[in-house]
Amino acid sequence: MIYTDTRDRAVKADFKTAVINGMNSATGGLYIPVSYPKMDKDLLNKTSEPSFCDIAFNMAKPYVDKEIPDSELSAIIQDSYPFISKLVPIDQVTYVLELSHGPTCAFKDFGARFMARVMAYFNRNEDKNLHILVATSGDTGSAVGSAFQGVEGIDVTILYPEGKISPLQDKQLSTFTGNVRAIRIKGTFDDCQKLVKTAFTDEDLRKKLRLSSANSINISRLLPQAFYYMYAALAVKNRSRHDNTIENPSIITCVPSGNFGNLTSGLIAREMGAPIEGFTAATNENHTVPDWIAMGKYNARPSVETYANAMDVGAPSNYERIVSMYTLDQIRHMFASYWLDNEGIISAIRECNRKTGYIIDPHGAVAWKAWDDIRNGAMKRLCEGLKGDYKSPGLTPNVPDWANSVTGKKAVGIVLETAHPAKFGETVQKAIGREPPMPSRLEAVLRLPDNAVSMENDYEQFKSWLIENL
Ligand SMILES: *Cc1c(COP(=O)(O)O)cnc(C)c1O
């Protein structure tokens, strides 16, 4: 597979270059594959439940072809996914796709674990370790740290702002051991990011250490997220006639979005043949993309803090990938978009629990509420010309091609559950009056010793620490 660049189509890179570089520093652009080959027909047309690892191997193969031998790729996939996504029906026409069964209880485990093993493979013949630096405001750091824990030839240093993340997130980050270590910075997330950026441009440091990053724009984090879209869409296509007697339903996936990496992976799965009719882009008050779909103007803005904090992104980096794949018009045919304010997030968690018994986290709640509104009249009203106002929460005024299948009761929704509700216990408690049960792997983290190093927001101190400790 050849990879090109969102800003310069003349760029040609192989998979290894795209993975190790993360982004193209010469142009500031993001790597994208030049084509999206269809998955194996046999797998696409299978009428029994698909196997997650078969799908993953088949989908990954054309993107890494020849650069990683089949036997190695298969081992990477087996090792990345001892857990898989779970599809849970919560009513006649709604499935929740639970993506929280990985070690850190958020969907980022799917991308980070694959990326870690691919990087380790590409680093196998180097005599020097690769040093990954990550600044995090929460979920990314724990997924990346956990994914690289014990991976040979790679060290990870995570920087996070002291006192600015939840106590559970602090525990998840500070309890890594061995090749993964965390530094608690007396500063903000932006300060952490600045320390990392300064390190990357420090020629003297780069002479001593091989540095790399692991952020969410890396193509090797995006590709594996397409696996679960394919898995879920094929499973729903097969199950639907039993679950709700709709033959060949129109499958709509509803995606809680921040940086839009998850949704971009859904687009890749659809290109590869996943029977997905359309998408609902669901956001919190950071509704840059819904506004763009509604008005045609893209206005990046500073982020605002919300209860769905992993989606607090005002300038989503994968927007650039989406517009390199489709025109705005094509997006409008495929997408509905929807957003909720904080009050709406709390009532969505409550309403989902009251209607279905399911406890959903604050991120998934936005997507659930979007789907619930869409099928209970909001899309019909939009079709009838009642446009509403994109400046208020709810469905933004754009009628996708699949609107008729919703009004004609031919549509089935897949709501992506991006994190376990126990990671956001306080917010869930506010909504339903009790905290969700804690999975044992989260509870275990609470009992581990704190190994994080505390540090002032000072580059020279950070640099000497790196040199002394790596
Ligand atoms: C990261 C994250 C998101 C947002 O995903 P994007 O790919 O950035 O759109 C949503 N929910 C949770 C729980 C997350 O951790």
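As the structure lists them, so they are numbered: ligands from 1, and atoms in each ligand from 1. Count residues from 1 along the sequence.
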Handout entry: Polar side chain donor-acceptor pair, Thr17 to Asp14, under 3.5 angstrom
Key = yes
Problem - Test item: side-chain donor near acceptor, Thr283 and Asn286, under 3.5 Å - result: no
Filter the ligand 1-protein atom pairs down to N or O on both sides and distance under 3.5 Å, then list them.
residue  : atom   : partner : partner atom : Å
ligand 1 : 7 (O)  : Gly261  : N            : 3.1
ligand 1 : 7 (O)  : Asn262  : N            : 2.9
ligand 1 : 8 (O)  : Asn259  : N            : 2.8
ligand 1 : 9 (O)  : Gly258  : N            : 2.8
ligand 1 : 9 (O)  : Asn259  : N            : 3.3
ligand 1 : 9 (O)  : Phe260  : N            : 2.8
ligand 1 : 11 (N) : Thr418  : OG1          : 2.8
ligand 1 : 15 (O) : Lys108  : NZ           : 2.5
ligand 1 : 15 (O) : Asp139  : OD2          : 2.7

Exercise for the section: Identify the residue among Phe335, Tyr319, Phe260 that makes a ring pair (Phe, Tyr, Trp, His ring centres under 6.0 Å) with Trp292. Expected result: Tyr319
Practice task
Look at the side chain of Thr6 and the backbone N and O of Leu30, then say whether any donor-acceptor pair between them is shorter than 3.5 Å.
Solution key: yes
Exercise for the section: Determine yes or no for a side-chain-to-main-chain donor-acceptor pair under 3.5 angstrom, with Asp170 supplying the side chain and Pro167 the backbone. Expected result: no
Check: residues 414-421 side-chain donor-acceptor pairs under 3.5 Å, at least two apart:
residue : atom : partner : partner atom : Å
Glu417  : OE2  : Asp361  : N            : 3.3
His420  : ND1  : Ala422  : N            : 2.9

